[in-house]
2 protein chains.
Amino acid sequence: MQVYNYKVWKSPVSDNPPKFKREPAEHRREALIKATLSLIAEKGVQAATVRAIAARADVSQGMIRHYFSSKEELITAAYEHHMDRLTDLTSASADADSGAPAARLAAFVVGSLTPPVVDAGSVSLWAGFLTKVHDDMQMRDSHERTYYNFRNRLEALIAAVLEEAGQPATPQKLRHLAIACNAVIDGLWLEGGILSGAFAPDELPEIGIRSVGAILGMNLKKAGQQR
Amino acid sequence: MQVYNYKVWKSPVSDNPPKFKREPAEHRREALIKATLSLIAEKGVQAATVRAIAARADVSQGMIRHYFSSKEELITAAYEHHMDRLTDLTSASADADSGAPAARLAAFVVGSLTPPVVDAGSVSLWAGFLTKVHDDMQMRDSHERTYYNFRNRLEALIAAVLEEAGQPATPQKLRHLAIACNAVIDGLWLEGGILSGAFAPDELPEIGIRSVGAILGMNLKKAGQQR
DNA sequence: CTTGTAATTATACACTTGCATGATTACGAA
DNA sequence: TTCGTAATCATGCAAGTGTATAATTACAAG
């Protein structure tokens, strides 16, 4: 049974084909992380075994312990990579919009509720990791960090919107609004990823904008369209 | 190394202590399910091994295959048990309130966002199972069933509230409102369970009621208090 | 061309996993 | 009491797990 399928390439002299290639460390780490993520997204954490990861990354299983001090460390690195990618994607959609605060908030919401952020694999990954957040301290820290990062970004957008509308809120009120809006987005993102077929293409962003607008007491939809 | 600790009780004749006791089948199934749930809640799905479950239920590991056709079937049964318990708990808080529709909806929201529904173990359990929802078809069906069960209940409460307020909504509008309110509740429930210490005791229900009210365009808080 | 050395592979080990099987044992029926 | 049988236990097995270690091998410096 051939398990490994190490990459083959042409040798300068064809009669002595090298059996593997030395790659820069960052390349290898990235390949291992991507292999881990795709495995977890497809078949869950329990499928991300040392051998399966190595096979998917086209390397021998020894590489994992060569580039990470343990398999757990690889899992954690993969989690951070995934979450960073998610926040980058949503932030990008808000930052791309240089219009009024309301428009930027709307873009942020829509970005969070459309592919590739809304995705079955993403949710599966997130849930798979969440299991470890419970007891692994490093994971717990990582989760809190990304959660607050997202919520604070949201809170800043909300503050700008309220200020522009001439309805500034107290810090506590602002905090509550951010928590609430964050919850709607999270909930919609979740079910959108799990029950992918249960919603029409633009249904989720639509509901998201309307709900966030309702919570803030204004019509984000119109504000978002007039850009 | 002593692994098992079978229950000991007094024998009618003390010189011949029986080594185990025959229990009704339903007792055993329930004990195995509870052992499974507590294990998953504490240390994640990967800790719910045949041996660990048996040890916690104070039986030999053979019992699992005796009462369930496979370990997977036990896991599924445990999932359904857990979800049924969650929906029962939230429904109970709404059904207990026989007041105005708005009060019942408020009770439903509050019940969903206070312990024991909001609980680290519950969320951990839910996330652990979610991993399996992705590929296991039976799990997928079970998830959809409980999800729609919860959302439909919510939708019925919302419909009653809107009707009483003289603002009946179209089916599509009603569906959107239910999805949105469901999302807020889910999101708040999630973070409340994960970051248990990050919220004040009554902060989550407070935010929940205010947000659901905002989405529906009314003040649920006052309506809930006047019972 | 040599040669050193770090990257990579190959293999082995101790342990855990779910499941199967046969040996016990409690307990109701006769 | 005796006895049958289903419930329960004890043990073993093959496959899979993460990790450790030694054997290869690419590749650049001299």
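Values in this document were obtained by computation on a predicted structure and should not be read as measured data. Numbered from 1 within each chain, the chains take letters A, B, ... in sequence-line order.
Summarising the geometry, the separation between CG on B:Leu32 and P on C:dG18 is reported as 14 Å, rounded to the nearest angstrom. Counting to the nearest Å, the P atom of D:dG18 and the CD atom of A:Glu72 are 9 Å from each other. Between the CD1 atom of B:Ile53 and the P atom of C:dC19 there is a distance of 11 Å, rounded to whole Å. Between the NZ atom of A:Lys43 and the P atom of D:dT17 there is a distance of 11 Å, given to the nearest Å. Across the protein-nucleic acid pair, B:Arg28 atom CZ and D:dT8 atom C1' stand 8 Å apart, rounded to whole Å.
Between B:Thr49 and C:dT17, a side-chain N or O to OP1/OP2 separation shorter than 4.0 Å is present. Note on A:His66: a side-chain N or O is less than 4.0 Å away from OP1 or OP2 of C:dA7. For D:dT25, one of the phosphate oxygens OP1 or OP2 lies less than 4.0 angstrom from a side-chain nitrogen or oxygen of A:Lys19. Considering only side-chain N and O atoms, A:Tyr67 lies under 4.0 angstrom from the phosphate OP1 or OP2 of C:dT8.
Nearest to the side chain of B:Met63, among D:dG18, D:dT8, C:dC27, sits D:dT8. With C:dT9, D:dT8, C:dA6 as the choices, the nucleotide that has an atom nearest any side-chain atom of A:Arg22 turns out to be C:dA6. Here the side chain of B:Phe20 is nearest to one of C:dT25, D:dG18, D:dA26, namely C:dT25. Side-chain proximity of A:Gln61 to the nucleotides D:dT19, C:dA26, D:dG12 is greatest for D:dT19.
In this structure, A:Glu80 does not pair ionically with A:Arg85, as no charged nitrogen and carboxylate oxygen lie closer than 4.0 Å. The residues B:Arg175 and A:Glu203 are annotated as salt-bridged, a charged nitrogen and a carboxylate oxygen being separated by less than 4.0 angstrom.
Below 30°, between 30° and 60°, or above 60°: for A:Tyr79 and A:Phe129 the angle between ring planes is above 60°, a perpendicular geometry.
Inter-residue side-chain proximity for A:Ile158 and A:Cys181 is flagged as met; some heavy-atom pair is nearer than 4.5 Å.
Scanning atom types as modelled, no donor and acceptor separated by under 3.5 angstrom connect the side chain of A:Arg51 and the base of D:dG16.
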